[in-house]
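Data block below; observations after.
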Amino acid sequence: MNEIHPEKLTRLRHKQVSEPQEILQFLDNQRFGYLAMVDATLQPIIIPMAYARLDEAIVIHGSTGAGALSSLTPETKVCFNVTRIDGLVLARSAFESSVHYESVNILGTPRVVQSDEKVQLLEALTERLFPGRTATLRPMTSKELAATLVISISMDHVVAKRSHGQPGDEGEDINWPVWAGILPIEQRFASPIAADNLDPQYDNPPRYLETWTL
């Protein structure tokens with residue numbers, strides 16, 4: 001496995017994340033991102049979608065009938081963004097008010113995956129998104145496989161940022177008569193809700209759900 005090489009920020013360099021393993025860990029802990037591209041009509045679009053990081057590539061999937069995704073070629077330049085917001089920073093001024101976040105921007109080249117690799121990446125994608133379930137699910141049919149488009153995006157250029165810390169108020173602003181601080185944002189899984197048509201013998205949710213985190 002080749003190591004990624006994060007790009008250097010040109011401004012606000014204190015927010016840069018430079019350690020490759022930190023970036024890969026962040027990508028592995030998330031499940032959702034945004035694909036930005038320019039389609040065949042030169043219309044810029046952003047597509048929200050689930051993903052998995054496998055080695056130095058981002059793997060996504062969609063329908064073979066989806067016009068935007070099916071138009072991707074190795075000549076298409078795309079950007080994939082993953083962002084997590086951790087909190088709101090309430091400063092004494094609007095100028096210094098901000099958010100706590102982590103983000104990774106990936107500029108890469110898309111590749112439509114074919115044949116046996118397509119099956120392998122779909123299984124890996126499923127296991128990344130729903131760990132522990134792959135072996136228990138109904139196998140994919142040939143019709144479903146034919147209708148599914150799998151795309152691997154190389155991580156050619158990576159820019160990672162993290163914004164944490166206290167409100168940046170200084171000088172006389174510190175005495176301005178208003179509350180200042182941080183309002184954390186927490187994401188978590190709630191209690192599982194069974195499908196309406198679930199067979200009663202499967203009423204108890206699988207124990208591995210208790211290990212899943214956001």
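Just so it is clear, the values below take in all heavy atoms, side chains as well, and ignore hydrogens, waters and symmetry mates.
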Pair L209, F189 - check side-chain contact (heavy atoms from CB on, under 4.5 Å), show working. CA-CA 9 Å; L209 295 185; F189 287 114; over 6 Å; no
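- Taking the side chain as every heavy atom from C-beta outward, L107 and V158 never approach each other to under 4.5 Å.
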Evaluate Q120 against L122 for side-chain contact (heavy atoms from CB on, under 4.5 Å), listing each step before the verdict. CA-CA 6 Å; Q120 295 171 2; L122 278 174; over 6 Å; no
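- Hydrophobic cluster membership of L198, counting Ile, Leu, Val, Met, Phe, Trp and Tyr whose side-chain heavy atoms lie under 4.5 Å apart directly or via other members: Y202.
- Linking ILVMFWY residues whenever their side-chain heavy atoms come closer than 4.5 Å, directly or via other members, leaves V119 and L125 in distinct clusters.
- Under the ring pair (Phe, Tyr, Trp, His ring centres under 6.0 Å) criterion, the residue pairs touching residues 99-129 are H100-H164, with sequence neighbours excluded.
- Classification of R133 and E127 as a salt-bridged pair fails, no side-chain N sitting under 4.0 Å from a carboxylate O.
- Tested against I153 for a side chain to side chain contact (heavy atoms under 4.5 Å, CB included), the candidates T109, L35, V59 yield a single pass: L35.
- A donor atom on one side chain and an acceptor atom on the other are found under 3.5 Å apart for N29 and Q25.
- Tracing side-chain contacts under 4.5 Å through hydrophobic residues (I, L, V, M, F, W, Y), one never reaches V150 starting from L69; they form parts of separate clusters.
- I185 and L90 fall within a single hydrophobic cluster, where Ile, Leu, Val, Met, Phe, Trp and Tyr are joined by side-chain heavy atoms under 4.5 Å apart, directly or via other members.
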Report the C-alpha separation of R138 and E144 in whole Å, then their side-chain angles, then the decisive distance to 0.1 Å, and conclude whether the salt bridge (Lys or Arg N to Asp or Glu O under 4.0 Å) test is met. CA-CA 12 Å; R138 172 184 61 76; E144 291 171 336; 2.8 Å; yes
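- In this structure, E172 places its CD atom where only 12 or fewer heavy-atom neighbours from other residues, nucleotides or ligands lie under 6.0 Å away.
- A salt bridge is absent between D173 and R92; no separation between the charged side-chain nitrogens and carboxylate oxygens falls under 4.0 Å.
- Within 6.0 Å of atom CD1 in I193, 12 or fewer heavy atoms from other residues, nucleotides or ligands are found, so the atom counts as exposed in its surroundings.
- Crowding of D116 atom CG: a count of heavy atoms from other residues, nucleotides or ligands under 6.0 Å not exceeding 12.
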I45 vs M37, side-chain contact (heavy atoms from CB on, under 4.5 Å): CA-CA, chis, key distance, verdict: CA-CA 6 Å; I45 56 175; M37 56 179 285; 3.7 Å; yes
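- For residues 58-86, every residue pair satisfying the ring pair (Phe, Tyr, Trp, His ring centres under 6.0 Å) rule, not counting sequence neighbours, is listed here: Y51-F80.
- The existence of a salt bridge linking D86 and R84 is confirmed by a sub-4.0 Å separation between a basic side-chain nitrogen and an acidic carboxylate oxygen.
- No more than 12 heavy atoms of other residues, nucleotides or ligands shown are found within 6.0 angstrom of OH on Y34.
- When the side chains of ILVMFWY residues are joined at heavy-atom separations under 4.5 Å, either directly or via intervening members, I151 and L121 end up in two distinct hydrophobic clusters.
- Side-chain N/O atoms of T83 and N81 include a donor and acceptor closer than 3.5 Å.
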side-chain contact (heavy atoms from CB on, under 4.5 Å) for V89 and S97? Distances and angles first, verdict last. CA-CA 5 Å; V89 181; S97 297; over 6 Å; no
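- The same ILVMFWY cluster, assembled from side-chain heavy atoms under 4.5 Å apart, contains both V17 and V104.
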